[in-house]
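Scroll down for the structure; my scribbles are underneath it.
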Amino acid sequence: MAKITVGICCMKKKLNSDSMAELLQRLQATGKFTIIRFKESMILHEPVENWPIVACLLAFASSGFPLPKAIQYQRLRNPWLVNALEEQEILTDRVQMYERLTEAGIPCPPHTVIDHGSVEPGELVQELDSITWRGQVLPKPFVEKPQDADDHAVWIYHVSGEGGGATKLHRKKGNQSSIRDLTQSHIRENGMYVYEPFMETGGLDIKVYAVGETYAHAEVRKAPAVDGRVERDANGKEVRQTIELTEEEKNMSRMVVRAFKQSVCGFDILRTTDGHSMVCDVNGFSFVKGNKEYFDNAAMNLTKMLVKSSVNPPRTPLRQRIRQQSWFKAIGNFCSMISKLLLFCYIDIAMAKHWDCGWALDECSPSWPTVCALRRTVIRAPETTEPPLARGKQAFELNGGTGTHVDAPSHFIAGGRTIDQLRLNELVDVPLAVVDVSTVCNTDPDHQVTQDELTADEEIQGRILPGSLVCVRTGWAARHREAETRLREGSPGPWTVYHGKGCEEDLHPDYKLPRMHFPGVSAAGAEWLVQNRDMVGLGVDTLSPDAGASEGFKTHHAVLGADRYIVENLNLEGLPARGARVTVAPTALRGAPEAPARVFATLA
Ligand SMILES: O=P(O)(O)O[C@@H]1[C@@H](OP(=O)(O)O)[C@@H](OP(=O)(O)O)[C@@H](OP(=O)(O)OP(=O)(O)O)[C@H](OP(=O)(O)O)[C@H]1OP(=O)(O)O
Ligand SMILES: Nc1ncnc2c1ncn2[C@@H]1O[C@H](COP(=O)(O)OP(=O)(O)O)[C@@H](O)[C@H]1O
């Protein structure tokens with residue numbers, strides 16, 4: 001098997017660290033990888049086009065690292081990333097870091113952000129033992145953290161009864177990590193800060209070092225605020241004890257890795273004396289120092305991840321591949337490419353199978369019964385004008401949620417991404433998983449697919465790949481056809497094919513129409529797919545992933561609230577459970593929460 005090229009892209013200080021050497025020698029020893037160390041001078045001074053091309057990239061920011069340039073490289077070459085680069089930008093900003101923790105449901109200290117640059121008179125009142133911000137009292141002791149996560153001047157303000165002033169933390173200087181300043185009772189007013197209650201942890205900090213979702217090493221050390229003195233062992237290393245994380249903390253580690261897409265990730269937990277654990281800082285890429293067992297586990301997990309990634313390597317666009325070559329080589333390669341292309345076309349015709357997974361859109365395409373669907377005005381038809389002016393032109397009035405269509409996060413989430421903001425890497429050529437629940441849905445029109453059904457399906461069909469569009473086949477595509485036929489015949493109701501047995505008294509509280517009955521996906525099932533299978537989107541062959549009779553649109557919230565998309569009214573008949581890839585192509589309507597889409601799958 002060909003070796004996998006793995007690029008290491010970081011500052012020299014980190015590349016040449018003992019920890020990196022520990023890891024790389026273990027990876028090298030597997031014989032599976034060619035490791036390419038990116039030179040710091042190249043990272044800093046050469047254009048990304050000159051950087052080596054690698055299949056996998058371990059890149060991470062530290063002081064002086066040009067993160068935007070690394071992101072540019074990733075966009076150009078599209079390697080598989082151990083630690084996502086765009087998410088590393090979030091880690092440079094404590095406000096965004098806390099936002100991400102909160103969105104992902106990871107416990108963190110309750111906090112308030114004050115941008116002192118835009119405080120209006122009267123909004124902030126400072127008193128001896130508290131501050132009041134927009135009417136909300138924040139009692140001391142509290143912690144003040146600069147927005148910039150690389151600024152380690154975290155200050156803890158004390159109540160006057162305990163001596164007052166502030167303990168000012170800083171990066172270790174020799175054996176000192178903080179100083180107490182008894183004169184500092186006023187908070188800083190020069191920028192943006194995060195304020196949070198000082199959590200009583202018994203003077204201990206927990207530092208967690210995760211490698212993948214399933215492994216984390218944790219150490220406890222004296223918190224820098226205790227007395228500001230760094231305890232060191234005979235080798236000059238800060239004294240730390242390895243500790244066991246609780247099940248809840250292990251789950252937090254899994255969630256942090258996932259939420260920030262950082263497979264190698266250091267973060268800090270405050271374990272309070274009253275038994276709560278919360279994440280107070282996510283550092284991103286970080287290694288345990290001087291622990292053999294950790295490096296054995298880290299190398300083993302990384303090997304698994306890198307090998308798995310190479311099964312589905314991201315492809316470099318053809319244009320870039322040509323650009324990467326010298327002219328002579330390019331001409332030679334061009335000829336060989338043409339012959340390969342001919343062969344490819346032949347293979348493609350012989351072996352590829354394509355499916356249209358949606359329905360053509362017209363005035364009779366079913367939509368949510370509360371909205372009008374599609375109206376068309378024929379402006380001009382080619383047959384009505386003499387050539388050469390003959391042409392067809394039509395104008396449409398369309399509800400975005402008609403027929404086969406995509407819901408963007410903004411469909412339910414204020415400030416969520418709109419259709420035009422969905423990224424190509426979540427829409428184009430992504431793995432398709434089809435979960436077939438048609439048997440049960442045939443007899444239970446109110447069925448909601450559970451997490452157990454999803455895992456049972458995996459046992460038979462294989463694990464859902466990360467980044468998949470997960471589609472649930474209820475078999476109700478047949479009803480879609482029936483609905484179209486009924487609309488075409490001009491007999492829409494009172495009951496649509498989604499209403500089941502009619503009961504006019506049973507008005508649905510959300511959509512104020514007689515309650516519909518069609519199957520969907522439970523919110524818990526959808527959450528599980530987001531959190532455990534990192535699906536890019538959820539597709540259904542009904543009007544909505546929220547079963548018609550269910551209330552609260554909880555599945556929409558679970559998916560769109562996690563910044564994924566939904567595809568509704570698909571036709572999933574005849575698709576394989578696994579192995580196909582799918583492209584979802586909604587019209588890029590700027591600012592739209594929903595848009596009709598062509599959806600097609602290919603099995604090579
Ligand atoms: O382990 P510690 O407590 O000595 O802390 C480490 C911390 O390690 P961590 O706390 O995360 O285990 C490192 O972070 P890293 O190991 O994740 O790189 C962090 O380096 P940095 O990257 O924040 O610093 P620079 O960006 O490069 O300045 C600092 O390492 P460095 O100074 O060797 O670059 C920090 O060291 P101190 O200045 O001594 O606090
Ligand atoms: N809410 C809090 N309550 C108690 N101690 C805290 C709190 N937040 C941070 N700390 C202490 O401050 C230290 C530094 O805070 P942290 O957010 O990790 O900043 P840094 O990025 O500089 O390490 C932590 O290791 C912990 O000891």
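Every number for a ligand or one of its atoms is a count from 1 in the order of the listing. FYI, the numbering just counts along the sequence from 1. The analysis underlying the following values was restricted to heavy atoms, covering all of them including side chains, and did not include hydrogens, waters or symmetry mates.
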His186 and Tyr157: CA distance, side-chain angles, deciding distance, side chain to side chain contact (heavy atoms under 4.5 Å, CB included) verdict: CA-CA 9 Å; His186 265 62; Tyr157 294 86; over 6 Å; no
Any residue meeting side-chain contact (heavy atoms from CB on, under 4.5 Å) with Lys292, in chain and number order, not counting sequence neighbours: Arg26, Asp296
With sequence neighbours excluded, residues passing side-chain contact (heavy atoms from CB on, under 4.5 Å) with Ser19: Ser17, Phe287, Lys289, Phe295
Set of residues satisfying side-chain contact (heavy atoms from CB on, under 4.5 Å) with respect to His276, sequence neighbours excluded: Thr272, Asp274, Met278
Crowding at NZ, Lys222 (>12 non-hydrogen neighbours, <6.0 Å): yes
Close residues, ligand 2: non-hydrogen atom nearer than 4.0 Å: Arg94, Val143, Lys145, His152, Val154, Leu169, Glu196, Pro197, Phe198, Met199, Asp205, Arg221, Ala223, Pro224, Asp268, Leu270, Cys280, Asp281
Arg229 CZ: over 12 foreign heavy atoms closer than 6.0 Å: no
